[in-house]
S.K.: 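Okay, here's the structure, questions in a sec.
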Amino acid sequence: MRKTLLALLGAAAMMGTITTPASASVQETREFVGHGSSDFGLALFYARHDARSQAERAGFTDCEEYHKLIISPYTATVFWRCTR
């Protein structure tokens with residue numbers, strides 16, 4: 001029985017019915033945290049700019065903001081998850 005199973009698996013592999021991907025595209029995901037503070041209420045804008053700058057320097061372009069923490073209009077933190 002074992003020899004038959006091995007023979008069938010070998011034949012299937014030779015015929016190409018059992019394949020593995022030649023080049024598996026691995027998607028890399030990283031998280032970035034942007035911090036911002038402003039005396040004029042622009043903290044969220046600066047936090048997003050900080051996160052975007054970090055992501056761009058690391059070579060990530062496809063990002064989404066999955067959480068933001070606005071302590072006051074003067075202090076904010078954003079969390080971005082980026083893939084490439």
S.K.: Looking only at heavy atoms, what is the nearest atom pair of Ser38 and Ala43, with distance?
M.R.: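 Ser38 and Ala43 have their closest heavy atoms at CB-N, 3.8 Å.
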
S.K.: Can a donor-acceptor pair be found, under 3.5 Å and without considering hydrogens, that links the side chain of Thr75 to the backbone of Ile71?
M.R.: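 Side chain of Thr75 to backbone of Ile71: no pair is present.
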
S.K.: Does one hydrophobic cluster hold both Trp80 and Ile70, with members joined at side-chain heavy-atom distances below 4.5 Å?
M.R.: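 Per the 4.5 Å side-chain linkage, Trp80 and Ile70 are co-clustered.
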
S.K.: So which heavy atom on Thr77 is nearest to which on His35, and how close?
M.R.: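 In terms of heavy atoms, the two residues are closest at OG1-ND1, 3.4 Å.
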
S.K.: Hey, could you give me the CD/OG1 distance between Gln27 and Thr83, rounded to the nearest 0.5 Å?
M.R.: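 With rounding to 0.5 Å, CD (Gln27) is 4.5 Å from OG1 (Thr83).
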
S.K.: At what distance, to the nearest 0.5 angstrom, does OG of Ser53 lie from CZ of Phe32?
M.R.: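 Reported to 0.5 Å precision, the distance equals 11.0 Å.
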
S.K.: Is the ring pair His67/Phe79 parallel, tilted or perpendicular, if the boundaries are 30 and 60 degrees?
M.R.: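 Plane angle between 30° and 60°, so tilted.
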
S.K.: For residues 25-49, which residue pairs qualify under salt bridge (charged side-chain N to carboxylate O under 4.0 Å, His left out), counting only residues two or more places apart or in two chains?
M.R.: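 Every pair satisfying salt bridge (charged side-chain N to carboxylate O under 4.0 Å, His left out) with a residue in residues 25-49: Glu28-Arg84, Glu31-Arg81, Arg48-Glu65.
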
S.K.: Might you confirm whether atom OH of Tyr66 has over 12 heavy atoms from other residues, nucleotides or ligands at distances under 6.0 Å?
M.R.: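 Counting other residues, nucleotides and ligands, OH of Tyr66 exceeds 12 neighbours.
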
S.K.: Report the C-alpha separation of Lys68 and Leu44 in whole Å, then their side-chain angles, then the decisive distance to 0.1 Å, and conclude whether the side-chain contact (heavy atoms from CB on, under 4.5 Å) test is met.
M.R.: CA-CA 8 Å; Lys68 62 183 171 187; Leu44 186 58; 4.2 Å; yes

S.K.: Looking at OH of Tyr46 and OG of Ser37, how far apart are the two atoms once the value is rounded to the nearest 0.5 Å?
M.R.: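 Rounded to the nearest 0.5 Å, the OH-OG separation comes out at 9.0 Å.
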
S.K.: Can you check whether Val33 reaches Val78 side chain to side chain, under 4.5 Å on heavy atoms?
M.R.: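 No, too far: nothing below the 4.5 Å cut-off.
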
